[in-house]
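Counting starts at 1 for both ligands and their atoms, following the listed order. Basis for what follows: all heavy atoms, side chains included, without hydrogens, waters or symmetry-related copies.
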Amino acid sequence: MNRIALILILQNLCNLVSAVDESPEALYRRTIKEWRTKRSYEPWMKYGDDLLEKFDTSSNRLEIVGGFEEGVLAIEKATVARGEADNKERDIALSKLYYGYGYVLMELDASECQSLALDPHTLLIGAETVSKNDEPSTDLCLENAENSLRNAVTLDATNKVADDLLQRITGMDSVHKRKPKEFVAELFDSFADSFDEKLLDGLQYKVPQMIGKSVLKLGDKFENVLDAGCGTGLAGRFLKPLVQNVMVGVDASQKMLDIAEKCTVSSGCGLKDTDEVEASDKTPLYDDLLVLDLEDMSIENTLKGKGDGFDLIVAADVFVYFGSLANVLKTFSNISTKGSKLIFTAERATEEEAPLGWRLLSSGRFAHTKKHVVEAAAAVGYELTLYQEIVPRMEKGEEVQGHMFGFALSNASSGNSEL
Ligand SMILES: C[S@@+](CC[C@H](N)C(=O)[O-])C[C@H]1O[C@@H](n2cnc3c(N)ncnc32)[C@H](O)[C@@H]1O
Ligand SMILES: *[C@@H]1O[C@H](CO)[C@@H](O)[C@H](O)[C@H]1NC(C)=O
Ligand SMILES: *[C@@H]1O[C@H](CO)[C@@H](O)[C@H](O)[C@H]1NC(C)=O
């Protein structure tokens, strides 16, 4: 046997052995190298799988945890350094590593979790709060696991193992479903007092005007109007002149409604003191304000005998708290009269970004594809009458991508029946 052949055989043997016995550190170095040469994120996906496989039998599980941390860090850093824009392959690979990181963090016992927190290189958020005299606990690792799994499902909505694990940790429904009403109520209760100021001045929030304009263009007056997710009542200001019977505001947050309650025809709800109309009209802007989840609405609990259905519903920047819109649109259709109009805004996602039809953004809100919106609405009798891409507000100096929809409830299918 000549020398070259021998070297080749030895090399192959080494490769074989290393594939099995490779340390997380060596695996990391090899992955980085392959990533650079192949210019593909595929090696990171394999890296995630390999680390997870090693975890079960490893005698040093913290080394594996560190491996996930290094992988996440490498990709996140490169993304920032290269100013890399949307890259689906990267998001899927990173999602996989965040899942792995979440999984191993959940498995650690109290003393492992404490050692990890005391490691100066760890990515654990809140590690600085742990000292070596503390009673060992898994709390910090579980919190970080939840956080990591949230990142995983945000980056890749089709990462089902991450979604399942997150549901197990939080004991809540899939994050791809809508926000629970307790969550929404708490969130908006907490910033009701600064809501108008923040949105109108800071974030150039224009949705109420946009919706108001679209409603005006319909050229009709309306008997019964529903401002769904009315919040502090910013949209009501633009609807009031067209209302002939009642305007009802519904919201999950009592504190937001407390502010809307103070609005009259000539003050509040977006009108500054300086805009005060001359003849001060103290008629309340809304005829009724109800704390209610949008999916729990019925004709009885909203109109309370004052009408037999709504002929206009608006929802300004509310569907960002819903994943699938199927249920909420069904409820809308169920409380509407035939021919009733519906106008709302949402944040925009492409079908590529949002294979489910909606996608959880890192802001915690949902963005929807036009396709999902139109299909979910059609399923309960709505026909599209208006579509417009909009910028609902600014966020961190950038324009948020949104869209506005107008629908009419077709006269053929009856809205007031179980579909
Ligand atoms: C961003 S604010 C918009 C408020 C108002 N429409 C406007 O344009 O100023 C969203 C509102 O929707 C409400 N909301 C979100 N999900 C809801 C749900 N499932 N049921 C009732 N209200 C909800 C929140 O409480 C909040 O007041
Ligand atoms: C439709 O409305 C009726 C009565 O108002 C109610 O009993 C039923 O549960 C509603 N269905 C849906 C899907 O909201
Ligand atoms: C449906 O009925 C409403 C009210 O009866 C009417 O205003 C509207 O024009 C009708 N729409 C269609 C598409 O027939």
Under 4.0 Å from any heavy atom of S298, which atoms of ligand 2 are there?
5 (O)

If I take atom CG from residue L386 and atom CZ from residue F407, how far apart are they, to the nearest 0.5 angstrom?
9.0 Å

Is it the case that the side chains of [Y] and [X] hold a donor-acceptor pair, with the cut-off being a distance below 3.5 Å and no angle test?
| X | Y | value |
| --- | --- | --- |
| D258 | Q254 | yes |
| D156 | T158 | yes |
| Y286 | D227 | yes |

Could you work out, for atom 10 (C) of ligand 2, the closest of N334, I335, N301, I299 by heavy-atom distance?
N334

Quick one: does NZ or CZ of K341 land under 6.0 Å from the six-membered ring centre of F222, within 45 degrees of the ring axis?
no

Where at least one partner belongs to residues 57-70, residue pairs that pass salt bridge (Lys or Arg N to Asp or Glu O under 4.0 Å), sequence neighbours excluded:
R61-E112

Under a 4.0 Å heavy-atom cut-off, what residues line ligand 1?
R178, V184, F188, F195, Y205, P208, G229, C230, G231, L234, D251, A252, S253, M256, L292, D293, L294, A316, D317, V318, Y321, F322

Does this structure show an ion pair linking K255 with D193, if we count only N-O contacts that are shorter than 4.0 Å?
no

Short N/O distance, under 3.5 Å, between E300 and ligand 2?
yes

